[in-house]
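Here's the structure, in structure tokens; my notes come after.
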Amino acid sequence: MSQKTWYQMTAEEAARAHGVDPRTGLPWDEARSRQERIGRNELSEGKKISPVTLFLNQFKDFMVLVLMGATLISGLLGEYLDAITIIAIIIMNGVLGFIQEFRAERSLRALKELSAPNAKVLREGEVHQIAASELVPGDIVLLESGDRIPADLRFFEANGVYVEESALTGESVPVAKHVSPLDHEDVPLGDQRNLGFMGTMLTQGTAKGVIVRTGMETEMGKIADLIQNTDSMETPLQHRLEQLGKILIGVAVALTIVVVLAGILHGQPPYAMFLAGVSLAVAAIPEGLPAIVTIALALGVQRMIKRKAIVRKLPSVETLGCASVICSDKTGTLTQNKMTVTHLWVSGQVLEVSGDGYAPHGSITSEGAVVEAGKEPMLAKLLQVSVLCNNAVLRQEELEGRKKKSKDAPETAWTINGDPTEGALVVLGAKAGFTPEKLRESFERTGEFPFDSERKRMSVIVSHGGGRMVCTKGAPDVLLQHCSYVLWEGKVIPFTPTLKAKVMAANEGMAKSALRVLGLAYRDLRSTDRCAEYDDVEQQLVFVGLTGMIDPPRREVREAISKCRKAGIKTVMITGDHQTTAEAIAKELGMLPAGGLVVNGQQLATMDDDELDRRVDDIFVYARVSPEHKLRIVKSLQRKGHVVAMTGDGVNDAPAIKAADIGIAMGISGTDVSKEASALILSDDNFATIVAAIEEGRGIYENIRKFIRYLLASNVGEILTMFFAMMAGLPLPLLPIQILWVNLVTDGLPAMALGIDQAEKDLMTQKPRSAKENIFARRLGWKIISRGILIGLCTLAAFWIALVNDPQHPNNLAHAQSVAFATLVMAQLIHVFDCRSSRSIFHRNPLQNGYLVLAVLSSLVLMLGVMYIEQLQPIFKTVPLGTKDWIMVLIAAGIPTFLMGIGSVMSRPRKPELKFGVKGGNAKPSLR
Ligand SMILES: Nc1ncnc2c1ncn2[C@@H]1O[C@H](COP(=O)(O)OP(=O)(O)OP(=O)(O)O)[C@@H](O)[C@H]1O
Ligand SMILES: [Ca+2]
């Protein structure tokens, strides 16, 4: 008996073959044991670098190899102790580099896991949201439009399903899926219409399926090697630093050669000079730079996660700091998306609704008197349509655990499953006794034309007592175009222009008080009426009334917006909601400066790109727009030189999200499609989180500048100390071992601690930096070079004074070298505190960064160790210093910081003058 393939089986057979009941799904322990047997639902990643390789890579550097070679030779020549020590230092250096890179690698991996997709799965009769990697064959998954299919599955329910399978088949037009078995063999992939494949995308409809293959067994797994997604995790800055690193190596090597030659010309023994030169080159090459940049980025990303912003693409961390415009959705991002109906309008009459939140307690009143829906047929119709044309479910949940106040009266919370706009209508109905349960006894739903942001309306068809009725709700301005009649004073009469005007006036009135307004309509269908397309049913409707719901702004948003204004970032609202509502909320949030323009989708459609470009800087609110408008807005802003952050949640938002410099998706309400197009996901859907992420992005960039400043100035100081000495014909101020030790002590920990430094206070009161800005901009290059020269001069001065002041000292040269060693280390350890501020050490509390203090203390201990532990003295050729020596060391090491500090205190910083909004003076013509 030949075995049937999945597409030849019926869905039931497929489920049975996997031992699962499609109504309840797999039990948890069965799923677990399957996972142990089969493995996770993942495509195996490319080759991972093993820790051993990573460690060995640390020694692949050319100069390190030269140093090791030179050391081996000197070992063979009898300098055992020197050789062993140098090798030991190289190994310690390698360990440090390894730790840095290993951490960086691990954080990157954690990042990838975080952005991994979820799936809705049925287990033990309940729907759960789990990581897609946890799925096993036999799992029943639920899908809706915008979801990526998490594994290969056999559909057993498919309502209007279209799947985009281009990743597998190359066919970019979505194909329709169904549930019937196919009776051929060898059906090509593209024609296996009852199967869904991992990695493809549901663009329309809702579906259920049983998973038949996971992980590398899937069709996608078969070609995984081919499409090994090489999404670059390298940021532009890292790329530039890599190039910079190469230049720096060249410069370091060239200078070293000069130092060596100068030394030899001045009579230094060539071999000693060679070893010193190689050590200098090893010390001066900032090999730790890329790893520290990665760590700073990765740790910053972790801080962002704590603030509810998930970075999907590392490069966007840098772009975030440059953002100059944030375009945000309104509903759910600027507002809470907790809708409550407060006003109704039926037949020219305004009714009020009491009660807060989703609890179905409250009443409908008219001029203070309670209105009973049962006795008011028009109101009853409004409630009926509201509840029937609706997919939200009102639920009462017991609050668990510590939230519970007393045992005997368990606290409950009313929650909405589904769209909050619809939830508000369900709650409204429930307040008047119109529950879905009750209505369903006499109305059975037979069809649905779902809501989408383009159509701005939704319809369902219900049958009752032999007849059929269509119920429609939607944006009033749109809905009215489909209504020919109106329910007026108890009767259905033709919808005259006068009456339409009345409805629009009522709509406008509600919208002015920031209410979201929805219109409701219905029509009784005749048995001959077609209802295959929405155009068939959404015509000749009878208009019933309006509902107005509040959606309170999120509390944090006002402050976040004012923060943006101070930081030179423009905030723009883009919403599908009505213009008046949008404007009212924008004003409430302080997003609409005097003279700022509000534009609606229709007006936008009449503008060509040139006109939009001319006005785009003055527009702060876009209302009643469709997702496709967002792309135009992004493009226009970009043409004006802005770095644009843009939010979105729907399938249709993906192009705009992709085109934006920072595409932002919603963690809670967003579709998989929008998330995959995004660079950043807000796990709380909150606007304030965007601002927090921008703040982190700016901070990370500044931290990178801080340790670049520190590392490079230190290295310049090291090279120049040697260079100046050789030029002046002095003996070597530092022995090779000492140079290597300085490097080990100063480069690693303090630089890493700078990478996680706290942000400066003025971080969010400055204009966004230009995306093209050079890392050395804003005088950083000057600071590095001037500081390097000062460190070099001061170290040399201390060395020279010790050398000439005390010529009778039995260990004269060794003593002076110890002074130089201590001065160079101290100068760097003081300088590291300077680097925390764009101004000087005196502008910040040096103890604020505890990691830095710890790092500096441990570096101090390492330095003192080789000077005062007797067993180490002969190895490092050091001698202990006296009090006078130390005073000189500290003065010499402190002078650069002191000089720079004086300089910055004297030059008063200019207060950044930041104003945002419409350029003053010429009054702008309003579009309205
Ligand atoms: N479930 C629904 N059924 C019918 N009409 C709806 C529904 N939800 C919203 N609408 C109408 O469609 C309009 C546009 O909604 P859409 O979801 O595109 O934007 P929004 O949620 O108001 O704003 P944003 O784009 O900021 O999220 C709303 O103003 C409302 O009138
Ligand atoms: Ca160094």
Quick one: are Ser316 and Val311 in side-chain contact, heavy atoms under 4.5 Å?
-> yes
Using the six-membered ring of Tyr358, assess whether NZ or CZ of Lys338 lies under 6.0 Å from its centre and within 45 degrees of the ring axis.
-> no
Looking at residues at least two apart in the chain, or sitting in another chain, which of them share a side-chain contact (heavy atoms from CB on, under 4.5 Å) with Glu352?
-> His343, Thr365
Keeping the roles fixed (side chain from Arg523, backbone from Val537), state whether a donor-acceptor pair exists under 3.5 Å.
-> yes
Can any side-chain N or O of Arg312 pair as donor or acceptor with the backbone N or O of Lys675 at less than 3.5 Å?
-> yes
Using distance alone, with no hydrogens and no angle criterion, decide if Arg516 and Thr331 have a side-chain donor and acceptor under 3.5 Å apart.
-> yes
Can you find a heavy atom in the side chain of Gln539 that is under 4.5 Å from one in the side chain of Ser484?
-> no
Would you say Met469 and Cys471 make side-chain contact, with heavy atoms under 4.5 Å?
-> yes
For the side chain of Arg148 and the backbone of Val673, is there at least one donor-acceptor N/O pair under 3.5 Å apart?
-> no
For Glu448 and Asn391, test the side chains for any donor-to-acceptor distance below 3.5 angstrom and give the result as yes or no.
-> yes
Calculate, to the nearest 0.5 Å, the distance between atoms CD and CE belonging to Glu422 and Met458 respectively.
-> 4.5 Å
SG-OH distance between Cys483 and Tyr522, expressed to the nearest 0.5 angstrom | 11.0 Å
Hey, could you give me the CG/CD1 distance between Leu680 and Ile310, rounded to the nearest 0.5 Å?
-> 8.5 Å
Salt-bridge present (Glu559, Lys563; N to O < 4.0 Å) = no
Side-chain contact test, heavy atoms from C-beta onward, threshold under 4.5 Å: evaluate it for Thr647 versus Ile574 and give yes or no.
-> no
Shortest non-hydrogen separation from Pro476 to Arg624 and the atoms involved = CD-NH2, 4.0 Å
How about Lys500 and Phe495: do any of their side-chain heavy atoms sit closer than 4.5 Å?
-> yes
Classify the angle between the aromatic ring planes of Trp488 and Trp345 as parallel (below 30°), tilted (30 to 60°) or perpendicular (above 60°).
-> tilted
Asp577 side-chain N/O to Ala582 backbone N/O, donor-acceptor pair under 3.5 Å = no
Does a side-chain heavy-atom distance below 4.5 Å link Thr472 with Phe449?
-> no
For Gly332, does its backbone N or O pair with a side-chain atom of Thr335 as donor and acceptor, under 3.5 Å?
-> yes
side-chain contact (heavy atoms from CB on, under 4.5 Å) partners of Glu126, counting only residues at least two apart = His128
Among side-chain atoms of Glu508 and Thr580, is any donor-acceptor pair under 3.5 angstrom?
-> yes
Residue that, paired with Lys308, satisfies side chain to side chain contact (heavy atoms under 4.5 Å, CB included) out of Leu682, Thr689, Ile690, Asp685 = Thr689
Looking only at heavy atoms, the pair that brings Ile657 and Ser678 closest together is CG2-CA, 3.5 Å
Minimal non-hydrogen separation, Val621 against Ala586, with atom names = CG2-CB, 3.5 Å
Counting only N and O atoms by type, is there a donor-acceptor contact under 3.5 Å from the side chain of Thr581 to the main-chain atoms of Leu515?
-> yes
Is any side-chain heavy atom of Leu428 less than 4.5 Å from a side-chain heavy atom of Leu383?
-> yes
Look at the side chain of His629 and the backbone N and O of Ser626, then say whether any donor-acceptor pair between them is shorter than 3.5 Å.
-> yes
For the pair Leu142 and Thr206, evaluate side chain to side chain contact (heavy atoms under 4.5 Å, CB included) and give the outcome as yes or no after the intermediate values.
-> CA-CA 8 Å; Leu142 286 71; Thr206 57; over 6 Å; no
Minimal heavy-atom distance between Gly650 and Thr671, with the atoms involved, is C-OG1, 3.6 Å
Drop me the distance from Ser386's OG to Lys473's NZ, to the nearest 0.5 angstrom.
-> 8.5 Å
Might you work through the side chain to side chain contact (heavy atoms under 4.5 Å, CB included) test for Glu588 and Arg558, ending with a clear yes or no?
-> CA-CA 8 Å; Glu588 211 173 312; Arg558 251 196 95 89; 5.6 Å; no
Given side chain to side chain contact (heavy atoms under 4.5 Å, CB included), test Leu604 with Ile633 step by step and report yes or no.
-> CA-CA 9 Å; Leu604 190 58; Ile633 299 171; 4.2 Å; yes
Pairwise distance OH(Tyr622) to CG(Asn600) - rounded to 0.5 angstrom | 12.0 Å
Side chains of Ser674 and Asp649: donor-acceptor distance under 3.5 Å anywhere?
-> no
Got Val346 and Leu487 here, is their nearest side-chain heavy-atom distance under 4.5 Å?
-> no
List the steps and the verdict of side chain to side chain contact (heavy atoms under 4.5 Å, CB included) for Val353 and Lys431.
-> CA-CA 9 Å; Val353 187; Lys431 283 175 179 170; 4.0 Å; yes
